[in-house]
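Computed from a predicted model, the values in this text were never measured in an experiment. Just so you know, these numbers use all the heavy atoms, side chains as well, and skip hydrogens, waters and symmetry mates.
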Amino acid sequence: MSHYAHETAIIDPGAQIGEGSRIWHFAHVCAGARIGAGVSLGQNVFVANRVVIGDHCKIQNNVSVYDNITLEEGVFCGPSMVFTNVINPRALVERKNEYLATVVRRGATLGANCTIVCGVTIGEFAFIGAGAVVNHDVPAYALMVGVPARQIGWMSEYGEQLDLPLTGEGEALCESTGEHYLLSRGRVRKLQESEYGLH
């Protein structure tokens, strides 16, 4: 496989790692992990067996991606952010058969030191602020902050806050890209050029 791994990284036999991926100091990738192309795993990252990481994800230092977690293409995991996979862990109770699945959709950002409680789905291009604690599903393009996390706005695919209300109807422009976004029925989507001005 044409990927780079630092000499201190541990990659167990059987792990699948895509072309151009980079695995840095003291990372550990377990045998069952499936990692796409162009992925970056920072220092001290751990990837468990039942994990799928899509192409072009960036996982910063000190992140553990536990069993039953799926990261779609282009997910950003900030430094020291936390995933869980058991709702009610106890050291004296074995719960490996109770792991809950967590899915992070394409392009989402998980800010530094945030916590994603297991069993949730983070929508595509959602943006979880630093230190937030997410304990329920997050809509696509939603901007979430706080403990527990609450929605305070909407984000473009480029990573800029959109001038849209939290609810109701609206249309907004990403100032950096010129792309248009539509809020309707509590959901945001990016419009195709052919749809500009039709709403």
Side-chain angles (χ1 to χ4, degrees), residues 10-12 14-18 21 23 27-42 44-151 155 157 186-189:
I10 299 171
I11 301 174
D12 293 341
Q16 299 176 35
I17 302 171
S21 289
I23 300 171
H28 181 186
V29 179
C30 292
R34 289 185 289 153
I35 297 172
V39 171
S40 176
L41 303 183
N44 200 38
V45 166
F46 170 75
V47 181
N49 281 296
R50 297 196 302 276
V51 168
V52 177
I53 297 174
D55 295 345
H56 307 296
C57 288
K58 293 183 179 178
I59 302 176
Q60 304 291 76
N61 295 355
N62 306 313
V63 175
S64 292
V65 187
Y66 296 121
D67 283 335
N68 292 30
I69 292 172
T70 298
L71 308 180
E72 294 186 347
E73 177 186 7
V75 169
F76 178 88
C77 297
S80 301
M81 63 78 49
V82 174
F83 290 106
T84 73
N85 58 9
V86 175
I87 285 287
N88 55 341
R90 293 287 200 195
L92 299 176
V93 179
E94 181 65 57
R95 290 203 161 105
K96 289 185 178 180
N97 63 341
E98 299 177 25
Y99 290 167
L100 298 180
T102 298
V103 178
V104 184
R105 299 292 184 198
R106 181 174 66 100
T109 289
L110 310 178
N113 289 301
C114 76
T115 297
I116 308 301
V117 176
C118 58
V120 305
T121 296
I122 309 294
E124 65 176 10
F125 296 102
F127 199 104
I128 311 302
V133 176
V134 175
N135 58 7
H136 55 80
D137 290 351
V138 173
Y141 300 101
L143 171 59
M144 309 288 292
V145 300
V147 180
R150 68 192 188 284
Q151 185 178 358
M155 296 289 274
E157 293 184 8
R187 301 293 179 189
V188 165
R189 68 179 179 91

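Within the structure, salt bridge (Lys or Arg N to Asp or Glu O under 4.0 Å) pairs that include any residue of residues 75-88 do not occur (at least two apart or interchain). Within the structure, salt bridge (Lys or Arg N to Asp or Glu O under 4.0 Å) contacts touching residues 68-89 (residues at least two apart or in different chains) are Glu72-Arg105. Within the structure, ring-ring contact (aromatic ring centres under 6.0 Å, His included) contacts touching residues 65-95 (residues at least two apart or in different chains) do not occur. Legend: salt bridge (Lys or Arg N to Asp or Glu O under 4.0 Å) pairs involving residues 48-59, not counting sequence neighbours, sorted by first then second residue: Arg50-Asp67. Applying the side-chain hydrogen bond (donor to acceptor under 3.5 Å, both in side chains) definition to pairs two or more places apart or across chains, those involving residues 74-100 are Arg95-Glu98. Within the structure, every pair that satisfies the side-chain hydrogen bond (donor to acceptor under 3.5 Å, both in side chains) test and touches residues 131-151, not counting sequence neighbours, is listed here: Tyr141-Glu157.
Heavy atoms only, all atoms of each residue included: Pro139 and Ala126 are closest at O-CB, 3.7 Å. What you find for Cys57 and Gly74 is that their closest heavy atoms are SG-N, 3.8 Å. Annotation for Val134 and Ala149: closest pair CG2-CB, 3.9 Å, computed over non-hydrogen atoms. Contact record, Ala48 with Ala33: O-CB, 3.4 Å, taken as the closest heavy-atom pair. Nearest heavy-atom pair, Ile122 versus Ala108, reported as atom, atom and distance to 0.1 Å: CG2-CB, 4.1 Å.
Contact annotation: the side chain of Cys77 approaches that of Leu71 to within less than 4.5 Å [non-hydrogen atoms, C-beta and beyond]. At least one side-chain heavy atom of Cys118 sits under 4.5 Å from a side-chain heavy atom of Ile87. Proximity of Leu41 to Ile35: side-chain heavy atoms (C-beta onward) are separated by under 4.5 Å at one or more points.
If you take OG on Ser40 and CD1 on Ile23, they are separated by 9.5 Å, rounding to the nearest 0.5 Å. Ile128 CD1 to Met155 CE: the interatomic distance, rounded to the nearest 0.5 Å, is 10.5 Å.
A side-chain donor-acceptor contact under 3.5 Å links Asn62 and Asn44.
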Run the side chain to side chain contact (heavy atoms under 4.5 Å, CB included) test on Phe125 and Arg106 for me, step by step, so that the C-alpha distance in whole Å, both residues' side-chain angles and the decisive distance to 0.1 Å come before the verdict.
CA-CA 6 Å; Phe125 296 102; Arg106 181 174 66 100; 3.7 Å; yes
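With hydrogens and angles disregarded, a donor-acceptor distance shorter than 3.5 Å links the side chain of Ser21 to the backbone of Val39. For Asn49 (side chain) and Gly32 (main-chain N/O), a donor-acceptor pair under 3.5 Å exists by modelled atom type.
Screening Ile59, Thr70, Val104, Thr102 for a side chain to side chain contact (heavy atoms under 4.5 Å, CB included) involving Val65 leaves a single residue, Ile59.
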